[in-house]
Every structure is written in C-alpha cells, then in structure tokens.
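Notes follow the structure.
Just so you know, ligand 1 is whichever comes first in the structure, and atom 1 is the first atom listed for that ligand.
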Amino acid sequence: MTDTSMAEKRNFLVLGSGAREHALVRSLSLSAFADTLYCAPGNPGIGGQARLLPLPAMTAEYVLPLVRKHSIHMAVIGPEAPLAAGLADDLRKEGVAVFGPGKAGAALEGSKAFAKKFMERQGIPTALWDLCTTMEEAEEALEKRTPPYVVKADGLAAGKGVFVTSSLEEAKEAAENLLVRDLLGEAGRRILVEDGLEGEELTILALTDGKTYRLLPPSQDHKRVFDGDRGPNTGGMGAYSPVPLADPALMEKIRKTILEPTFEGLRRENIPYCGVLYAGLMVDEGGTPRVIEYNVRFGDPEAQVVLPLLEGDLGEILLACAGGRLEEIEWKETSRWAADVVLASGGYPGPFEKGKIVSGLEEAERGENFLLFHGGTALSPEGKICTAGGRVFSAVGVGGTLEEALERAYAGVSLISFDSMHYRRDIGQKALIRQRRKPS
Ligand code: AMP
Ligand code: GLY
C-alpha cells in the first residue's frame, strides 16, 4: 500500500450528472488525495458529497472558467459526448490534468466504423460487419445474414442507436429510419450492419495511462427493461460485480486476444489514451470472447458496482493515470461483491413523467453496506427529492457474497418509493445459477 499520510491534496472536478458520476464522487470523497471536490452540473444526491457548480454546456468555454476560479487540478470527464468532441484535449492544452481520452482516442466510441476498422487492423475478434450509407447497401448487407439482425448508427446516439431484431423487416425499417428518415441526424447517416453475436455479455473496464493498464473487477449489465432479459433495451437496469463467468482462464483470453492488442494498437497508431477503456464483450458458449463495442468512459450502471469494490485510492489512481505513473500504484484485488438495482420512472425507456416525490430515502440510506447513487433526481419547489430522469437511482448493496450484496440492495429498494417506480427483480440471477452449477 502507498503511504498516504503525506499525500498532496488536489481539487478535483467531476463532469456529469448521473449515478456513474455520483459513484465517482463518492469514491473520490474517500481519497487521501482529494481536497475540495466539485461536480458540474451534478445532481442533488451528488451535492451531499461535492460542491455543485452550474454548467450550461460541457465545453471548454464553460469548464475552463470553473477550473481557474476553483483552482482545479484534475478534471474527470464522465460522459462520452464531451470526450468525443475533444474536451479533454482542450483542457490539457490549458495545463489541466484530465482523466479521459482526447478526441482521437474517443473515436473508439464516437464512430463505430472507426472502432471496427481499428479492431480489424489489430486482429481483435468482433462481429463481421458492413458499412452502409444507402438503403440498397443496407438491404444487401441484411439479406446475406441470418437472425438476429443488428443495425447500428455509426455515431453517438445516447444508447438509442443500436437495433437488434429477429425480423428482417424490422431491421430494414431500422436502417430506413436512420438512413432515410434521419431519426438520429448526423449520427445515423452511416450505419453498420453486423452479424448477431450469441452468448453472455461481460463488461471489462481497464484503467490506463497510455503506457500500462490495470483492470477493475469484471461486471455485467442488464440491458433489457424486464426480468428474464425481455423488453426493449435501456441504458442499463442493474449490474453486479465480479462475474463468475469471468474465471481466470477467460480473463487470460481476454487479455491476450482483446486488451493487449487494443492497447498495443493504440500505441502503434500513436493514439494517446489516458482514462478508462470499456470493452463490452460477448462470450460465446465455447468461451470465446468478442468485442461488441468499445466505450471510452465508465459504464453506467457498471461504475456503481465496480467503484465501491475498488481497494485502492481512486484519487491517487486517477492522478497517476494523468501523470503516466500508473505502474507505480498498487492495490489489492477485491474479495467482496456488489449489486446494483436501478430504480426507473414508469414508462422508461419510453416516455415518462418527471417530478414524482420520492419517499424512504433516509431510512434506506441508513442500511449497512448500502449505497444510493442518484441518477435522475431534482429538488421540488418545496425542497424535496423528486424524479427528473428515466433511471432515477442506483441502489447498491455490497457484501461478502453475491447473495449478500443482492439482499442488501433489494432491502434498500424495498424502502424507497415513487409513483410508477419500476425495477428488475432478477439482477445477478445468471451468476447465482452459474455458481450453483459450478461451486468454486
Ligand atoms: P450498445 O448500445 O452499443 O451498448 O449496444 C446495445 C446492446 O445491443 C449491447 O449491449 C448488446 O446487447 C446488443 N448488441 C450490439 N451489437 C450486437 C451484436 N453484434 N450481436 C448481438 N447483440 C449486439
Ligand atoms: N452500461 C452500458 C454503458 O454504459 O454504455
């Protein structure tokens, strides 16, 4: 362990306003290296652990004055859009330490075609794909495939740019919505048609300073809105970590066939990368992992389970990443488990109402080994916490086993309520079944 008694304390600014950013702020609030912690724009839950700063837009024009006024040493950029737009480059140019890649690295998420070509150059396993800009190309690419059909917008679409369907007609319609009806504007003017991958999904988060990388515990998201992985895709209805599927043999395969070629490729192509690289994987029945997609930031809800398990000092780790010193930092592997149940607004991921008053928060937050991260909340005119987004809270339990983590998460959930609240009751079930089949 590093001696933190002499730690030089810095002011940190976390950019973003969701439960992922709340988890980042909470871990930084425990850091021996953090002096004043700021978050912009944040949310009322984050306001309990950081000073909130208003931020009209996540651009250098608005962020730099905050950095100067509050003597901020390090900025941690939560969401992908400002990274893809080059905010990290703009801040670095002004001497700010930044956790998050510049525009060149962020293209791994900002353009799915760029990511696919990069993987092709490095020989990284992924679904076969075609890039299409016209309906003729899209129809040809779809007709040569078998279900499930996968159609994706090339650019950023806030989780709304991927369509997976068993019907050829629906897939063609998705392509038409993007290419002809301009559903997502510029982001959907180029689309990818991919082979559908089958298996179990797995999220690997790797921290890197551009020279070396270190893994956070593996995690698994729950993308579909209803129990049993049914219903439409969402931003993520829950997660758990670590993942029994990711045994040492699979992790070794992931390092060899995916992570090492990815970081080696970035170096070889002179793409600087400091931040977290999210590898979204599909592991098939034979245990072969393939990349579904890269993200260039922490996952949401993955951050909410992975960060509470971190045995190191997050402030120290992020500073080391920005300073190219990640190799010097040691931390223990976790022996605990975490589970996150996302509490969503009625109707989400479709249209939903906002402004519902939330009850039971104080009682829930008294729960042992229970953490409540705010995702989409605001203060009502009377100063009460109310709903302001689709994914309102991440209710996280931590324990010595996955069962214990889940029990604590759902115990907290049972105390919280708001009108039309819904959540999945089966978070972590796949892992529990696997553990029962193959006791370790
Ligand atoms: P994304 O929004 O890019 O994370 O994609 C949303 C979800 O679509 C992924 O988490 C997968 O469940 C699914 N998906 C994306 N690409 C494929 C593929 N090639 N095969 C099967 N499922 C996919
Ligand atoms: N959990 C998926 C994502 O953050 O994109």
Nearest protein heavy atom with distance in Å, relative to atom 13 (C) of ligand 1: Val164 CG2, 3.8 Å
Numbered atoms of ligand 1 (with element) below 4.0 Å of Lys223, judged on heavy atoms: 4 (O), 10 (O)
Element-labelled atoms of ligand 1 that are located less than 4.0 Å from some non-hydrogen atom of Val150: 16 (N), 17 (C), 18 (C), 19 (N), 20 (N)
Pro301 neighbourhood, listing ligand 2 atoms whose heavy-atom distance to it stays under 4.0 Å: 1 (N)
Min N/O separation Asp221 to ligand 2 under 3.5 Å: yes
Ligand 1 atoms in contact with Glu201 (distance to a heavy atom under 4.0 Å): 9 (C), 10 (O), 11 (C), 12 (O)
Note: Lys256-Glu252 ion pair, threshold 4.0 Å (strictly below): yes
Element-labelled atoms of ligand 1 that are located less than 4.0 Å from some non-hydrogen atom of Lys152: 15 (C), 16 (N)
Atom pair CZ (Phe12) and OG (Ser31), whose distance is rounded to the nearest 0.5 Å: 5.5 Å
Residue from Ile317, Val306, Leu307 passing side chain to side chain contact (heavy atoms under 4.5 Å, CB included) with Ser27: Leu307
Numbered atoms and elements of ligand 1 in range of Glu293, under 4.0 angstrom, heavy atoms: 1 (P), 3 (O), 4 (O)
Ligand 2 contact by Arg20, heavy-atom criterion under 4.0 angstrom: no
Arg408 NZ/CZ over Trp337 ring centroid, <6.0 Å and within 45° of normal: no
Test item: side-chain donor near acceptor, Thr234 and Lys223, under 3.5 Å: no
Asp221 and ligand 1 - part of the residue with a heavy-atom distance under 4.0 Å: neither
Separation of Arg224 CZ from Asp221 CG (nearest 0.5 Å): 12.0 Å
Under 3.5 Å: N/O of Leu197 near N/O of ligand 1: yes
Closest approach of any protein heavy atom to atom 2 (C) of ligand 2, naming residue and atom: Tyr278 OH, 3.3 Å
Shortest protein heavy-atom distance from atom 7 (C) of ligand 1, along with the residue and atom involved: Asn233 ND2, 3.8 Å
Closest to atom 5 (O) of ligand 2 among Glu302, Glu80, Glu293, Arg297 (heavy-atom distance): Arg297
Protein contact to atom 19 (N) of ligand 1 [nearest heavy atom, distance to 0.1 Å]: Glu194 OE1, 2.8 Å
Within-shell test, Gly196 vs ligand 1, heavy atom, strictly < 4.0 Å: yes
For ligand 1, the portion of Glu198 having any non-hydrogen atom under 4.0 Å away: neither
Salt-bridge present (Glu200, Lys430; N to O < 4.0 Å): no
Ion pair Glu293/Lys112, N-O distance below 4.0 Å: yes
Within reach of ligand 1, part of Lys112 (heavy-atom separation under 4.0 Å): side chain
Where ligand 2 meets Gly299 - atom numbers and elements under 4.0 angstrom, heavy-atom basis: 4 (O)
Sidechain N-carboxylate O distance under 4.0 Å for Glu109, Arg297: yes
Arg26 side chain near Gln304 side chain, heavy-atom distance below 4.5 Å: no
Atom 5 (O) of ligand 1 - nearest protein heavy atom and its distance: Val162 CG2, 3.6 Å
Atoms in ligand 2 flagged as close to Lys223, the criterion being non-hydrogen separation under 4.0 Å: 2 (C)
contact_flag Asn295 ligand 1 heavy-atom lt 4.0 Å: no
Asn43 and Ser17: side chain donor to acceptor below 3.5 Å: no
Any side-chain donor near an acceptor of the partner, Ser29 and Gln49, under 3.5 Å: no
Parallel, tilted or perpendicular, as decided by the 30° and 60° cut-offs, for the rings of Tyr410 and Tyr423: tilted
Ring geometry between His374 and Phe393 (parallel below 30°, tilted from 30 to 60°, perpendicular above 60°): perpendicular
Side chain, backbone, both or neither: Thr203 near ligand 2, heavy atoms under 4.0 Å: neither
